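Below: one structure, written as structure tokens.
Side chains are part of it too, since the values below use all heavy atoms of this structure and drop only hydrogens, waters and symmetry mates. Computed from a predicted structure; not experimentally measured.
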Amino acid sequence: MRVTDARAKGAQSVWKLGGAGSVGSQVLTGLPVLWRLRAAFAGQVAVWPFEAAQAAPVVVTEVFPSMLRAEIAALSPPRHGKAGRHDWPVRDAVQVRMLALALARLAQEGALGGLFDAADPTAPLAEEGWILGAGAEADLRAAARAVGAAALPPQDTDAPATAPHRLTPPRLRNDCFAMPQGVDWVPVEDALARLRAALVPITDTEDLPTAAAGLRVLATDISARRSNPPQANAAVDGYGFAHAALDGSGPYELPLLQARAAAGQPLKGAVPMGSAVRILTGAILPKGVDSVVLEEDCATDGARVAFDGPVRRGANSRRAGEDVEAGGPALPRGRRLTPADLALLSALGVGRVRVLRPLRVGVLSTGDELLSDPGAQAAPHQIFDANRPMLLEVARRWGHAPVDLGHAPDHAAEIAARLDRGAAEADVILTSGGASAGDEDHVSRLLRERAQLSSWRIALKPGRPLALALWPGDGGQRVPVIGLPGNPVAALVCTLIFGRPALSLLSGAGWLEPQGFQVPAAFSKRKKPGRREFLRARLGADGTAEVFASEGSGRISGLSWAEGLVELPDGAATIAPGDMVRYLPYTSFGLG
């Protein structure tokens, strides 16, 4: 028995491999998983108590949920019936939830660190290890009592009720974004970090002429084939000469050669010391010329040229390679090529580039209420599909190849068929609608059954549910599926905040974050704590941020009215006109 086993009554040694409580065998099977976790987050994981836990974002340690047996027993309802049975959930489920929520509560109160200081200093920790909370049971149990009934798992609504009970509704808050008691929603930054860690870029490449490579992602670093400019040349129209021929500070008068140098028409021969030559912008500096005086600063009679001083050596000239030198770096891999990039590559003599093939983005809308044809006659219960044309155009503007997977009704087999098609034709699939947990939310149910679903309740307004899954294809590939909310405003906001960096990473262009600007508010707003909010906004003539009159997630006109978003932080906030707020123009998301 370890010293800590005696402190935590009922605990079993981690070295026990057989018999009741043989947690040692569980430890042995779990160690490889813990090792992979530690390797994946190198430098961020501490194994306590062998390593200090205070500075590590991830801590691996042994826990013993039965330390909360009294608090768990307090939740157990009285037994009923002759068999003495009741419909209380499995005890393991309750104790794991209670311990997790109690630790979370201590973390929120800033009291979690005390558990890491509670080990008995006389125990041989280097050999034994320690159970988290042993020695600090009072704090842990107090947190567990505060958690209370939140530790009970959701009940199986399909199971027959064994005893009638009165339902107690929650207090009316009229806030669909309010977080349920005991449930921590995923903060935006955490969701972005999870998304970033889960995705892998495509690797297929092809060679293209430089002129045809706009918006494509470079697969390799590009070096300059030649210098730009390749030779020293004149930056203005004027007269060239050797600076060494000038004496004093001027004025100067030099004899003029009966010749000239022009772009594409270099002067043959050299300019004698003490003479000048007519030279035009872009012309290579002739031998014997290192400086140029501006035409407007000169007087000439055709045989002589006069100008005042002083004149610096190298005036109005460009040195060879002052922009980019031959063999030097031009553009890095992973860059999405802009028109200016094409100009640079062409100037450097790069005629062909190796690029990644375009990311194929499948877009699928779901819902019985949707009509795909905007010109069709709609019944009162029907609406036109606004999300699919919006998302297809967003994908196109981001340089991806949109794949229209159409609209599927709320029918599981039809949705699965569209996802199968998407797995065959696309690299990533965006769905809108059905990502929540309602009766007709077939997308999330299908992803849960056939894919590796991670469904996140994100602390974000608008746009709570976001699903990430890997849909299996016929060729063994697993295609990422990003399940977006069905409301158009929420669908676009989630696409901008989560979809843009995710698709950029998948395309090989790296993770992108929008650039925001601090501007004065032209509105008033009181915001509750707990979630990040994005308001449809645009800048007024005076540079202040105006917001759309309604925050309704179905008000599509607000998306058209807006020219960007105002981002409000996770905490509570009171905004008054003139207060500084963060404004994210649509151009920061790659949309004009």
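Using a 30° and 60° split on the angle between ring planes, F116 and W48 fall in the perpendicular class, above 60°.
Using a 3.5 Å distance cut-off with no hydrogens or angles, the side chains of R418 and T431 do not pair a donor with an acceptor. Using a 3.5 Å distance cut-off with no hydrogens or angles, the side chains of S365 and D385 do pair a donor with an acceptor.
Summarising the geometry, atom CD belonging to E546 is positioned 9.0 Å from atom CD belonging to E563; distances are rounded to the nearest 0.5 Å. Taking CZ from R526 and CG from L568, the interatomic distance works out to 14.0 Å, rounded to the nearest 0.5 Å. Interatomic distance, R360 CZ to S507 OG, rounded to the nearest 0.5 Å: 13.5 Å. Atoms CG and CD, on L405 and E425 in that order, are 7.0 Å from each other to the nearest 0.5 Å. A distance of 11.0 Å separates CG in L370 from CZ in F384, rounded to the nearest 0.5 Å. Once rounded to the nearest 0.5 Å, the distance linking CG of D207 with CZ of R354 reads 4.0 Å.
Under a 3.5 Å cut-off, the side chain of R336 and the backbone N or O of L215 do form a donor-acceptor pair. Although no hydrogens or angles enter the test, the distance criterion places a donor-acceptor pair under 3.5 Å between the side chain of S504 and the main chain of G510. Remark: side-chain polar atoms of E322 are paired, donor with acceptor, to backbone N or O of R319 under 3.5 angstrom. For D190 (side chain) and P187 (main-chain N/O), no donor-acceptor pair under 3.5 Å exists by modelled atom type. In terms of modelled atom types and a separation under 3.5 Å, the side chain of E51 and the main chain of V47 share a donor-acceptor contact. Between the side chain of H381 and the backbone N or O of E369, no donor-acceptor pair lies under 3.5 Å. Side-chain N or O atoms of E393 include none that pairs as donor or acceptor with a backbone N or O of L391 at under 3.5 Å. S317 places a side-chain N or O within donor-acceptor distance of the main-chain N or O of G314, the cut-off being under 3.5 Å. A donor-acceptor contact shorter than 3.5 Å links the side chain of T210 to the backbone of G351. The backbone N or O of Q515 lies less than 3.5 Å from a partner atom in the side chain of S588, making a donor-acceptor pair.
Residues L446 and R448 fail the side-chain proximity criterion, which asks for heavy atoms closer than 4.5 Å. The closest side-chain heavy-atom distance from R196 to P501 is not below 4.5 Å. Within the 4.5 Å cutoff, the side chain of I222 has heavy atoms near those of the L218 side chain. Looking at D341 and L331, their side chains come closer than 4.5 Å, going by heavy atoms from C-beta outward. Looking only at side-chain heavy atoms (C-beta outward), L591 and V394 come within less than 4.5 Å of each other. Proximity of R555 to F548: side-chain heavy atoms (C-beta onward) are separated by under 4.5 Å at one or more points. Between F523 and T544 the shortest side-chain heavy-atom distance does not fall below 4.5 Å. Contact check for T61 versus F50: no side-chain heavy atoms found under the 4.5 Å cut-off.
Salt-bridge check for D570 with R531: failed, with every basic side-chain N at 4.0 Å or more from each acidic carboxylate O. The existence of a salt bridge linking R450 and D420 is confirmed by a sub-4.0 Å separation between a basic side-chain nitrogen and an acidic carboxylate oxygen. Under a 4.0 Å N-O distance rule, the pair K525/E551 qualifies as a salt bridge. Between D427 and R357 a salt bridge is recorded (basic side-chain N to carboxylate O distance below 4.0 Å).
When all heavy atoms are compared, the tightest approach of G362 to A426 is N-CB, 3.6 Å. Taking all atoms of both residues into account, the shortest heavy-atom contact from E325 to A224 is O-CB, 3.6 Å.
Counting heavy atoms of neighbouring residues, nucleotides and ligands inside a 6.0 Å radius, atom CH2 of W511 exceeds 12 of them. Remark: R532 CZ is packed, more than 12 non-hydrogen atoms of other residues, nucleotides or ligands lying under 6.0 Å away. Within a 6.0 Å radius of CZ in R333, other residues, nucleotides and ligands contribute 12 heavy atoms or fewer.
For the side chain to side chain donor-acceptor pair (under 3.5 Å) criterion with R318, the lone passing option out of D323, N228, T281, N233 is N233.
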Run the side chain to side chain contact (heavy atoms under 4.5 Å, CB included) check on N316 and V236 step by step: do they pass? CA-CA 6 Å; N316 297 312; V236 298; 3.6 Å; yes
Applying side chain to side chain contact (heavy atoms under 4.5 Å, CB included) to L337 and L342, what does each step give before you reach the verdict? CA-CA 7 Å; L337 293 173; L342 301 187; 4.3 Å; yes
Given F498 and L466, is the side chain to side chain contact (heavy atoms under 4.5 Å, CB included) satisfied, shown in steps? CA-CA 9 Å; F498 300 104; L466 185 74; 3.9 Å; yes
Check the pair F589 / T495 against side chain to side chain contact (heavy atoms under 4.5 Å, CB included), numbers first and verdict last. CA-CA 10 Å; F589 295 104; T495 300; over 6 Å; no
Give the intermediate values and the outcome of side-chain hydrogen bond (donor to acceptor under 3.5 Å, both in side chains) for residues S550 and R536. CA-CA 9 Å; S550 170; R536 286 152 282 175; 5.3 Å; no
